[in-house]
There are 2 protein chains.
Amino acid sequence: MKGQVIVSDGKLAQASVFTSLKGLVDGAAPRFRTASEYVEATLRAAILSGRLAGGLALRQEELAEIFGVSRMPVREALRQLEAQALVDFVPHRGAVVTEISADDAADNYAIRLALEPMALSLSIPHLAEPDFVLAADLIAEMDEEADPGRMGELNRRFHLSLYARAGRVKLLLLVEQQLAAADRYLRFHLAAKGREHMSQQDHRAMLKAAGERDVPAAVQVLEGHLRTAASTIAAFFASRG
Amino acid sequence: MKGQVIVSDGKLAQASVFTSLKGLVDGAAPRFRTASEYVEATLRAAILSGRLAGGLALRQEELAEIFGVSRMPVREALRQLEAQALVDFVPHRGAVVTEISADDAADNYAIRLALEPMALSLSIPHLAEPDFVLAADLIAEMDEEADPGRMGELNRRFHLSLYARAGRVKLLLLVEQQLAAADRYLRFHLAAKGREHMSQQDHRAMLKAAGERDVPAAVQVLEGHLRTAASTIAAFFASRG
DNA sequence: TATCATAAAATTGGATCCAATATCCATTTT
DNA sequence: AAAATGGATATTGGATCCAATTTTATGATA
């Protein structure tokens, strides 16, 4: 079997990462329609969570064995991830997990800074009681949460809860993608500053302004929130990597 | 051969569309590294240009024959297009070209209205003489151009020329995608209002403001430009589709 | 004639197989 | 000892093959 190859040389660390992949999505997510969707979702979660680090080469055959499928669904999944800029195809070398850099982080925040105020502005007039309740619940959950990965998800869902009534599905789709990508950087943010810098007061202020249908105030808080996060992460990259 | 099947029943019209596909990209574009890239580029151009209308089912085997490849590169290309929201996979039915609707157009313009002012603001301080020359040239070309398809391309390139120095590659990538998607609607715009409504005075005003490094003025013109286009297209859909 | 059951055709997702090509390592040569 | 060279090995892109499932056509029956 090729399994031995994985642990034979310097790839042991990778092997332990890979072998833990399979169960990653199984718990929360529903069953997938196709194998490639399953592989794609699992790999995407692993990359966004940082479990598969930038620069790592993902070889099709190896992944196929781990997931218990042929190389074909793996190939399709990797192509999808390529379209999402999560991997680069290098001929005869494999799909390489894209590196995250200060520049990428800046890009991500510039995009969010453009899209999210738009989404929020469109959504606020149509938000209803259940939306406010959900948002408040998520803030409360974040107060309790310690795990950084789960924290990222809660943060994402909070933001989306306020944008949900924007009525523009493709806009929201883009926002979701950018929020998911932001998780890759948020981990550094939390590591650098601790979870108290999750800016829960910003979240509360946004919710309050939204409740009062005060679009300019909500947008102002959101923009400050994003700019703060962006500069924190920029500082982190400047100091370390 | 299956070729006969294509022309045997009611699919004749589709066949003539399909068979003209192959050469679509050959002229301008360089050779592609892989077959799937070639297929993808050709299909994308055909969909964005409106040559493959919304609702049309793209069957893998049929495309494979037309392109002279097996079903596999076709499959990969279609998956890529799915990621770009240009087709939907319907099980056992084929990849269906997504319909364009008033709602989609509104989404597209909302996204552009969020992203492009950001790109323009970031870019203006770094624009240099060659950028202004290129932009001016493109305006002049548009004055002469009659063909709607080519007009769309010129318009796209003009906008990009002013955003080019934003220094945020992923942001620009998104902008490019949205501009390409906008071509699908621009065709209706031109059909409805004639090419004099291409708002060349807006283009000139944007270029002037950019030349004076007047970011707020340039952004204001751009926003007005996009809002006008959006409402024109909304009116078009309201009257017709 | 309309409707429902049943069989045939078509289409996809996935597996396996094949050819082309780049990488990597050992050996040789300077 | 370092560099060049040649061949084994690994890896990918593409072709062909197979199974599952849906759609569509056909025909029987009320």
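Chain A is the first sequence line, chain B the second, and so forth, proteins listed ahead of strands; every chain is numbered from 1.
Residue A:E76 is out of contact with every strand shown, counting any heavy-atom pair closer than 4.0 Å. At the heavy-atom level, B:P91 lies nowhere under 4.0 Å from the strands shown.
Protein atom CG of B:L63 is 14 Å distant from nucleotide atom P of D:dA15, rounded to whole Å. Counting to the nearest Å, the C1' atom of C:dA22 and the CZ atom of A:F89 are 16 Å from each other. Between A:E40 atom CD and C:dG14 atom P the separation is 12 Å, expressed in whole Å. In this structure, CG of A:D88 is placed 16 Å from C1' of D:dT12, rounded to the nearest angstrom. Nucleotide C:dG13 holds its C1' atom 18 Å from the CZ atom of B:R93, rounded to whole Å. The CE atom of B:M72 sits 16 Å away from the P atom of C:dA19 (whole-angstrom rounding). Distance A:E61 CD to D:dT9 C1': 12 Å, rounded to the nearest Å. Taking atom CZ of B:R79 as the reference point, atom C1' of D:dG13 lies 18 Å away to the nearest angstrom.
Dashed line: the shortest gap from a side-chain N or O of A:S36 to OP1 or OP2 of C:dG13 is not under 4.0 Å. Put simply, B:R75 has no side-chain N or O that comes within less than 4.0 Å of OP1 or OP2 on C:dT12. Phosphate contact (OP1/OP2 of D:dG13, side-chain N/O of A:R71, threshold under 4.0 Å): absent. Applying the 4.0 Å criterion to OP1 and OP2 of C:dG13, one finds that B:Q60 has a side-chain N or O inside that range.
Side chains of A:I47 and A:R184 form a contact here, defined as non-hydrogen atoms less than 4.5 Å apart. B:L122 has its side chain within reach of B:L171: a pair of non-hydrogen atoms, C-beta onward, lies under 4.5 Å apart.
In the set C:dG13, C:dT11, D:dG14, C:dT11 carries the atom at the smallest distance from any side-chain atom of B:R59. Distances from the side chain of A:A35 to the nucleotides C:dG14, D:dA20, D:dA15 place C:dG14 closest. Candidate nucleotides C:dT11, C:dA15, D:dG13 were compared by shortest atom distance to the side chain of B:H92, and C:dT11 ranks first.
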Please evaluate residues A:F236 and A:Y185 with respect to the criterion ring pair (Phe, Tyr, Trp, His ring centres under 6.0 Å), reporting the C-alpha separation (whole Å), side-chain torsions for both, the decisive distance (0.1 Å), and the verdict. CA-CA 10 Å; A:F236 174 82; A:Y185 312 110; over 10 Å; no
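Under 4.0 Å is where a charged nitrogen must lie from a carboxylate oxygen, and between A:E82 and A:R79 at least one such pair does.
Of the residues B:V97, B:D88, B:V87, B:T98, the one that meets the side chain to side chain contact (heavy atoms under 4.5 Å, CB included) test with B:L81 is B:V87.
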